[in-house]
Structures are given as structure tokens and as C-alpha cells.
Amino acid sequence: MAVDASCWLHTGAYSCAYELAKGIPTRQYCKFAIYWPRYVEYCVKRISQIIQAGVTPVLVFDGGRLPMKQNVEKARAKSRSKNKEEAEKLVLEGNHDLAFKKFAEGITITAPMVYELIKVCKEKKIEFFVAPYEADAQMTYLYKEGYVAAIITEDSDLLAFGCDRVLFKLDNEGYGYEINMKNLENATELNFANFSKDMFLKMCILGGCDYLPSIKGIGLKTAYKIVKETTDIPEIVRIIKRDPKYPITQTYQEDFTRAFLTFKFHTVYDFNNKTLTPLNKMQGTPYIEISNFTDKSFLGPYPLYYQ
DNA sequence: TTGTATAGCTCCT
DNA sequence: GCTATACAA
């Protein structure tokens with residue numbers, strides 16, 4: 001199974017949020033045992049657990065930053081530093097409980113922290129990949145290629161990327177939820193019969209994703225209804241424009257298309273050919289859509305797509 | 001039905 | 001980071 005390494009690093013970092021914020025080492029020392037930083041200890045524990053359960057883990061790390069996500073990442077970084085500042089104040093006030101929570105909210109997983117876990121993977125011969133860009137896309141690729149049976153994560157983006165089998169909320173006892181997209185048509189609240197993967201993705205983007213903020217007044221239910229009416233992007237935008245209650249930017253159709261293509265053509269590592277490849281190889285509509293953009297740098301510094 | 005605000009949670013002992 | 005809940009529009 002592919003494991004979203006960032007999730008475990010983040011949860012592990014929670015256990016030493018204060019030390020990380022203050023730059024205090026979290027590694028224990030003992031003559032007779034090797035200790036890793038506390039956030040790595042947590043990851044190692046989780047890895048051992050799933051190995052014991054008979055699962056071979058493949059850790060996947062986030063890689064380069066995507067230009068599409070810059071706004072989201074800037075906002076997150078700002079909120080994290082604000083939380084750290086607030087935490088410092090709370091420590092001075094003696095409110096240690098709330099301070100810990102603020103420090104926890106201010107957790108940043110840095111590259112050196114990631115590397116600590118990568119070193120452990122090398123020592124313990126645990127397979128891992130560093131995604132060219134987002135781990136979500138890389139894990140989806142591993143699933144689509146049949147290299148992993150499922151994905152362990154907390155991030156619902158995996159479903160938008162088109163991955164069928166995702167395990168959420170996996171706890172220490174090995175309990176969790178499996179979302180299997182093959183059961184989507186059995187959903188009772190909404191009828192997903194004859195709903196394609198692309199329709200599902202377009203619904204997700206309309207409802208708001210990391211690559212495009214949602215329109216005020218449009219949540220998942222409305223997004224579902226719109227996509228049910230038409231799957232054509234210009235037509236979707238026309239439907240939204242028809243209703244004056246939805247505030248929509250001039251560039252929305254372009255922005256929507258860029259978000260859609262960022263999911264479809266996300267650059268991933270092709271482990272068979274040791275090269276980079278788009279997550280989906282296809283001709284037809286998506287290619288026509290991407291050919292409308294002279295600047296394809298939103299797919300990353302070296303955009304890949306099929307002609 | 002949706003947005004916003006609010007509060008609670010991840011760790012470990 | 002995610003999730004649940006209440007309440008207003």
C-alpha cells in the first residue's frame with residue numbers, strides 16, 4: 001500500500017510541536033538503542049504496525065511546489081506563523097495547554113525533517129518515492145499502474161485524482177475507513193449512476209479545491225447538479241453566469257480549465273522507465289483544452305502533456 | 001443548501 | 001491539517 005508520508009510526519013510532529021517550534025532536539029539518547037527524532041519514531045511505529053499486518057508499505061513524499069498552489073500555500077504559511085506568535089504569547093501568560101494547541105497548529109514539515117524519515121527508509125529497506133510534485137498524484141499513479149493495492153492517507157484529494165481505493169482514518173489498532181469509488185453508484189444521498197471520473201473531478205473542482213477557490217454559494221450539492229446537467233466546461237461556466245447570485249471572476253473558465261488539467265496532467269515519476277510522465281496519457285478533449293494555453297507552466301517548471 | 005464561526009482532535013503518559 | 005456542530009442568510 002502507498003502511504004502518504006506527510007500525513008504521518010504531521011501527526012508525528014504533533015507529539016513534539018513545542019520542541020519543533022523552539023528548535024529543541026527531540027531525539028533521545030541511549031547507549032543500547034538508536035533513537036530517531038520523535039516525529040520519526042512515530043512514523044517508524046506506524047510502518048512496523050502495517051508490516052506486522054502483512055502489508056508492504058511504499059512511502060510517498062511530497063516533492064516540488066506547484067505554481068497552482070502558491071496562493072493556498074502562502075495562506076497556510078501565514079496562518080502557521082500567526083499561530084506560532086500566538087503560542088509564544090500564551091507561554092508567557094502561563095497558558096500552556098492552549099499554547100501547545102497553537103504550536104501544533106503552527107507545525108511546518110521542513111525538508112530536513114522529511115530527510116530524517118527518508119534515511120530511516122533507506123536503513124530499513126522500506127521502499128519510498130519522492131513525488132516530482134504532489135504525493136497525491138504520485139500515489140494515484142502507483143495505484144493506477146497496479147503497483148499498490150490501496151492508499152493510506154487523510155487527504156480526500158486522492159478521490160478527485162481518480163484513485164479508487166483509499167484508506168482514511170487508519171488508527172493504531174488498524175481500524176479505518178475504506179472508500180472504494182467502485183461503490184460510488186451505491187450512494188444513497190446523490191445518484192452517481194452514469195457519473196464518469198471526469199464528472200466527479202469537475203464536481204470536486206466546482207466545490208472548491210486547492211487549485212481553485214470555490215464560488216460563494218456553490219457547495220458540493222450545487223456542483224453535483226451543475227455537472228449532472230452538462231460536463232462541458234464552457235457550458236458549466238455559462239450555467240453559473242446565468243444566475244446573478246453567483247459572483248464569478250472574468251477568468252473563471254480559464255482558471256477552472258487550468259485546475260482540471262492540473263489534476264489530469266500532474267507530473268509523476270514513472271518507475272518503470274525512470275522518467276517523468278503525465279498522470280494520465282490521453283488524447284481528445286483534454287488535449288484540445290490544454291492546447292488553448294500558450295503558457296503551460298502551471299503544470300510545473302517542466303510541463304508534460306501528450307500531443 | 002451553503003457559508004461562517006467555533007470548538008475539538010492528532011501525540012504521549 | 002481534518003471533522004462536527006450551530007446558526008444565519
Side-chain angles (χ1 to χ4, degrees), chain A residues 3-22 24-28 35-49 61-62 69 71-84 86-87 90 95-110 113-114 116-117 134-136 151-160 166-177 179 189-190 203-204 206-210 213-229 239-240 243-248:
Chain A
V3 172
D4 190 341
S6 301
C7 285
W8 285 1
L9 274 170
H10 190 266
T11 315
Y14 187 88
S15 68
C16 45
Y18 176 77
E19 289 87 344
L20 287 172
K22 287 288 194 181
I24 300 166
T26 61
R27 193 193 300 260
Q28 278 186 276
Y35 281 100
W36 296 289
R38 197 125 51 98
Y39 54 88
V40 174
E41 288 285 344
Y42 174 79
C43 297
V44 170
K45 211 170 73 183
R46 300 297 303 263
I47 291 166
S48 311
Q49 272 170 342
F61 295 89
D62 279 311
K69 252 182 120 169
N71 290 333
V72 175
E73 271 165 1
K74 266 185 198 160
R76 283 177 186 166
K78 205 175 165 186
S79 130
R80 279 195 293 264
S81 61
K82 194 185 144 205
N83 278 315
K84 269 194 213 171
E86 282 176 22
L90 289 160
N95 193 342
H96 293 278
D97 277 8
L98 199 60
F100 175 79
K101 279 172 192 158
K102 290 285 176 186
F103 276 126
E105 283 167 33
I107 288 173
T108 318
I109 306 298
T110 62
M113 289 167 70
V114 171
E116 289 297 321
L117 183 54
E134 298 213 50
D136 297 351
I151 290 168
I152 299 171
T153 186
E154 303 299 324
D155 192 341
S156 40
D157 274 14
L158 264 295
L159 303 172
V166 188
L167 307 186
F168 293 101
K169 305 251 156 293
L170 194 70
D171 67 15
N172 291 325
E173 281 81 46
Y175 290 99
Y177 299 95
I179 303 283
E189 204 176 320
L190 296 173
M203 179 187 80
C204 292
L206 273 175
C209 68
D210 280 352
S214 70
I215 297 167
K216 256 202 184 93
I218 297 183
L220 267 187
K221 294 262 173 113
T222 313
Y224 168 84
K225 278 183 213 156
I226 294 170
V227 174
K228 195 93 182 158
E229 262 185 74
I239 291 172
I240 299 168
D243 199 329
K245 77 169 173 245
Y246 298 130
I248 184 167

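Reminder, nothing fancy here: chain letters follow the sequence lines and each chain counts from 1.
Using a 4.0 Å heavy-atom distance criterion, A:Lys245 is classed as making no nucleic acid contact. Using a 4.0 Å heavy-atom cutoff across all strands shown, A:Tyr42 reaches sugar-phosphate atoms only and no base atom. Nucleic acid contact class of A:Ile109 (heavy atoms, under 4.0 Å, all strands): none. Counting non-hydrogen atoms under 4.0 angstrom, A:Lys216 reaches the backbone sugars and phosphates but no base. The residue A:Thr222 sits close only to the backbone: its heavy atoms come under 4.0 Å of sugar-phosphate atoms, none of a base. Within the 4.0 angstrom heavy-atom criterion, only backbone atoms of the sugar-phosphate kind lie near A:Ile218; the bases stay farther away.
In this view, A:Tyr14 and A:Phe100, A:Ala104, A:Ile107 satisfy the side chain to side chain contact (heavy atoms under 4.5 Å, CB included) rule, not counting sequence neighbours. Applying the side-chain hydrogen bond (donor to acceptor under 3.5 Å, both in side chains) test to A:Asp210 and every residue at least two apart in sequence or in another chain returns A:Lys69, A:Arg76. The side-chain hydrogen bond (donor to acceptor under 3.5 Å, both in side chains) search around A:Lys101 returns none, not counting sequence neighbours. Contacts of A:Asp136 classified as side-chain hydrogen bond (donor to acceptor under 3.5 Å, both in side chains), with partners at least two apart in sequence or in another chain: none. Take A:Gln49 and apply the side-chain hydrogen bond (donor to acceptor under 3.5 Å, both in side chains) test, not counting sequence neighbours, and it matches no residue. By the ring pair (Phe, Tyr, Trp, His ring centres under 6.0 Å) test, A:Tyr18 is found to be paired with A:Phe103, residues two or more places apart in sequence or in another chain being considered.
Within the 4.5 Å cutoff, side-chain heavy atoms of A:Thr153 are placed close to those of A:Phe168. Side-chain contact check for A:Leu117 versus A:Trp8: every heavy-atom pair is 4.5 Å or farther apart.
A 4.0 Å heavy-atom criterion places the boundary nucleotides of DNA chain B facing chain A at B:dT1 to B:dC12, written 5' to 3'.
Between A:Phe103 atom CZ and C:dG1 atom P the separation is 18 Å, expressed in whole Å. Rounded to an integer number of Å, the gap from CZ of A:Phe168 to P of C:dG1 is 16 Å. Rounding to whole angstrom units, OH of residue A:Tyr14 and C1' of C:dT3 are separated by 14 Å. The interatomic distance linking A:His10 (NE2) with C:dC2 (P) rounds to 9 Å, in whole Å. With rounding to whole Å, A:Leu220 atom CG is found 15 Å from C:dT3 atom C1'.
Residue pairs satisfying the salt bridge (Lys or Arg N to Asp or Glu O under 4.0 Å) criterion with at least one member in residues 39-49 of chain A, sequence neighbours excluded, are absent.
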Could you go over nucleotides 6-9 of chain C and give all protein N or O partners under 3.5 Å, atom names and distances?
none

